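Okay, structure first, notes after.
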2 protein chains.
Amino acid sequence: MTSTTRERIVQAMSASIQARGMNATGLNDLVRDAAAPKGVLYHHFPGGKTQITIAAIDESVDRLESRLERATERGDDVLDALTMWLERAAAGLRESSFALGCPLATVALETTPDDRDIRVALDAAFVRLRGVIAAGLQREGRTANDAERMAFAIVAAYEGGLLQARVAGQVEPMVEACRFVLDLMRARP
Amino acid sequence: MTSTTRERIVQAMSASIQARGMNATGLNDLVRDAAAPKGVLYHHFPGGKTQITIAAIDESVDRLESRLERATERGDDVLDALTMWLERAAAGLRESSFALGCPLATVALETTPDDRDIRVALDAAFVRLRGVIAAGLQREGRTANDAERMAFAIVAAYEGGLLQARVAGQVEPMVEACRFVLDLMRARP
DNA sequence: GACGTGCTAGACCGACTGGTCTATAGAATA
DNA sequence: TATTCTATAGACCAGTCGGTCTAGCACGTC
């Protein structure tokens with residue numbers, strides 16, 4: 001086993017959130033998937049399920065952010081880079097038989113305003129992802145204001161399209177929604 | 001009590017899904033909110049929690065569809081009508097202190113492909129809502145293809161924006177994302 | 001070797017879950 | 001009045017939940 005117990009637990013949580021969501025993920029499932037005994041949860045995550053969820057969010061956004069940075073900083077047109085990202089996301093969704101979604105969005109809809117710590121982590125996560133997109137757009141001459149608004153819209157189209165695609169069992173809702181938004185943006189400098 | 005026991009249970013489920021999601025809603029919560037004894041669940045919903053969830057989805061989409069039809073069939077410009085809808089949604093979100101979301105999206109992210117019946121109900125729900133929007137756009141001269149694509153994008157922007165707004169604790173992500181998409185569409189005949 | 005420390009290991013807990021059961025009240029039909 | 005059907009009513013069930021506990025193992029450092 002190359003990874004630490006703690007890492008395996010966080011990864012199991014991320015994966016299960018993508019497929020089933022936070023509330024449908026039991027701590028027993030987690031220790032089974034991570035091949036760990038129950039007690040390690042108490043040791044590594046004294047904050048309980050909330051702490052594991054936040055760790056999974058942080059791990060997910062780290063991964064997403066670096067992939068997004070790599071895609072948008074390659075010098076090509078940012079909107080083209082996002083279109084390619086979209087194609088790969090669609091392929092991945094189909095490969096998973098429409099089982100896997102975005103872990104951030106799923107947890108977002110499972111929380112109430114009382115889950116303060118989780119929502120703070122989620123908000124910070126979306127701020128970072130939008131920041132990468134907006135930075136790329138600004139590098140291409142968009143104003144800070146325009147870039148931020150476009151980032152809102154791009155992330156929204158992706159999350160909202162993905163959600164419709166999963167229940168439809170086909171990628172079209174996600175692909176069409178995102179492509180439509182990206183094309184309109186391209187047409188308007 | 002003006003409504004039937006069955007209706008009160010379905011409404012309690014809809015409301016709780018909006019706030020907490022399906023998995024965080026216990027059957028005990030439901031019968032408490034509906035002021036009903038446990039046994040009525042067995043009687044009215046022999047299909048268990050799944051059947052209650054589907055009934056809540058159907059009830060929600062009936063309500064949403066009729067409101068959306070009323071808004072888009074008034075003869076005004078459809079995109080203007082949707083902008084007004086957006087303003088009201090933003091006001092409602094703020095009023096709820098960012099507690100209430102879309103019941104369809106929440107359940108969508110809590111289900112797996114194994115939850116076939118629920119996903120079928122959700123897909124049908126989104127098809128109906130997109131259908132109302134696309135019909136309005138076609139009445140204004142858009143082609144069927146364009147109208148459908150625009151409906152994908154509008155619903156996606158709404159759901160994705162709402163999700164970001166809830167964790168951010170401010171309406172901007174939803175308002176900016178939707179307004180941006182609607183404005184771009186207006187600029188392109 | 002003794003000791004402290006970081007971590008593994010799994011038994012165990014009360015609370016709660018979705019779901020089932022039987023008893024019965026009330027209205028409609030015979 | 002007798003019977004039937006629909007719906008209410010709440011006790012009850014096995015299973016699972018998140019979480020806690022103590023025991024012990026493999027390390028270093030004194």
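Note on naming: letters A, B, ... go to the chains in the order of the sequence lines (proteins, then strands), and numbering restarts at 1 for each one. None of these values were measured; they are calculated from a predicted model.
Here B:R32 pairs with B:D29 under the side-chain contact (heavy atoms from CB on, under 4.5 Å) rule; sequence neighbours left out. A:R88 meets the side-chain contact (heavy atoms from CB on, under 4.5 Å) test with no other residue; sequence neighbours excluded. Remark: A:Q18 pairs with A:L100, A:P103 by the side-chain contact (heavy atoms from CB on, under 4.5 Å) rule, at least two apart or across chains.
A nucleotide of DNA chain C counts as in contact with chain A when one of its atoms lies under 4.0 Å from a heavy atom; the first and last such, 5' to 3', are C:dC7 to C:dA11.
Salt bridge B:E87/B:R179: present, at least one basic N to carboxylate O contact under 4.0 Å. Using a 4.0 Å cut-off between a side-chain N of Lys or Arg and a carboxylate O of Asp or Glu, A:R8 and A:D33 do not qualify as a salt bridge.
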Side chain to side chain contact (heavy atoms under 4.5 Å, CB included), that's the test. Do B:L86 and B:L82 meet it? Break it down for me.
CA-CA 6 Å; B:L86 168 69; B:L82 290 173; over 6 Å; no
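A distance of 11.0 Å separates CG in A:L184 from CG in B:D183, rounded to the nearest 0.5 Å. Note that CZ of A:R119 and CG of A:D114 are 9.0 Å apart. Values are rounded to the nearest 0.5 Å. In this structure, CG on B:L163 lies 11.5 Å from CE on B:M174, to the nearest 0.5 angstrom.
Within a heavy-atom distance below 4.0 Å of DNA chain D, no residue of residues 11-31 of chain B is found. For the segment residues 42-59 of chain A, the set of residues with a heavy atom within less than 4.0 Å of an atom of DNA chain D comprises A:Y42, A:G48, A:K49, in numerical order.
Within a 6.0 Å radius of CZ in A:R116, no more than 12 heavy atoms belonging to other residues, nucleotides or ligands are found.
At whole-Å resolution of the value, NZ in A:K38 and C1' in D:dT22 are 15 Å apart.
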